[in-house]
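Please read the structure below before turning to the comments.
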Amino acid sequence: MTTKNKLLVAGSAVLAFVLLTGFRGGHFGGGHFGGPRDPERVKQMISWRLDDRLEELNATEDQKQAIHGLKDSLFEDGKRLFEENKGARTQMLDQWESANPDSRAVHSMVDARMDAFRAFAHKVADAALEAHRILTPEQRQQVTGHVREHMNAR
């Protein structure tokens, strides 16, 4: 996977996380973001952070349940996307090691991965729009404040 593709996926995941949680930075339990991790542990840490943010927003139980549903769906889609990329990397390496790489196959794999990334980015955008509908104007204003703090900290 190219750096550009990694940034696209990471950016989409970070965008979803920022929009849904108001995350201000930091790391997930040691190491660096994107390092090898147990997916269920990462999901649990995201859930804990999301719970904290929802408490700060005084979210109702219905809001909490709906937003956790968005998080779970995005997480599973993202996990599936990364698993699919493992196979694509193997296929690309096979093409690289070939005496005569098939340019059509290589370009087809690139197109397929970009389509998958684009579809995931659209799901992230849809989840953010759904979170917008779930939250009250006051809660959205609080989330905006957290996001702006995070942006200004960079």
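- Note: R41 CZ to I46 CD1 = 12.0 Å, rounded to the nearest 0.5 Å.
- The nearest pair of heavy atoms linking L74 to A127 is CD1-CB, 3.6 Å.
- T136 and Q139 are linked by a side-chain donor-acceptor pair at a separation below 3.5 angstrom, with hydrogens and angles left out of the test.
- Within the structure, salt bridge (Lys or Arg N to Asp or Glu O under 4.0 Å) pairs that include any residue of residues 99-112 do not occur (at least two apart or interchain).
- The minimum heavy-atom distance linking L70 with A131 is given by the pair CD1-N, 3.8 Å.
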- Message: Between E84 and L81, does the side-chain contact (heavy atoms from CB on, under 4.5 Å) criterion hold? Intermediate values first, please.
- Response: CA-CA 5 Å; E84 291 168 0; L81 185 67; 4.2 Å; yes

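- The distance from atom CE of M92 to atom CG of N85, rounded to the nearest 0.5 Å, is 11.0 Å.
- Between H68 and S47, the closest heavy-atom pair is CE1-O, 3.8 Å.
- With rounding to the nearest 0.5 Å, the separation of CG in L54 from CD1 in I67 is 5.0 Å.
- Rounded to the nearest 0.5 angstrom, K71 NZ and E76 CD are separated by 9.0 Å.
- Residues R113 and A88 come closest through the heavy atom pair CD-CB, 3.5 Å.
- Linking Ile, Leu, Val, Met, Phe, Trp and Tyr whenever their side-chain heavy atoms come within less than 4.5 Å leaves L135 and L129 in two separate clusters.
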- Item | Trace of the salt bridge (Lys or Arg N to Asp or Glu O under 4.0 Å) decision for D77 with R80 | CA-CA 5 Å; D77 288 343; R80 203 170 19 259; 2.3 Å; yes

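- For the atom pair CE of M151 and CD of E149, the computed distance is 12.0 Å after rounding to the nearest 0.5 Å.
- A salt bridge is defined here as a Lys NZ or Arg NE, NH1 or NH2 lying under 4.0 Å from an Asp or Glu carboxylate O, and D115 with R118 meets this definition.
- Listed by first and then second residue, the salt bridge (Lys or Arg N to Asp or Glu O under 4.0 Å) pairs that reach into residues 125-143 are E130-R133, sequence neighbours excluded.
- A salt bridge links E40 with K79: the closest approach of a Lys/Arg side-chain nitrogen to an acidic carboxylate oxygen falls below 4.0 angstrom.
- Distance CD/E55 to CG/L50: 10.5 Å, rounded to 0.5 Å.
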- Task: Could you please spell out the steps behind the side-chain contact (heavy atoms from CB on, under 4.5 Å) verdict for V42 and F75?
- Result: CA-CA 10 Å; V42 170; F75 187 86; 4.0 Å; yes

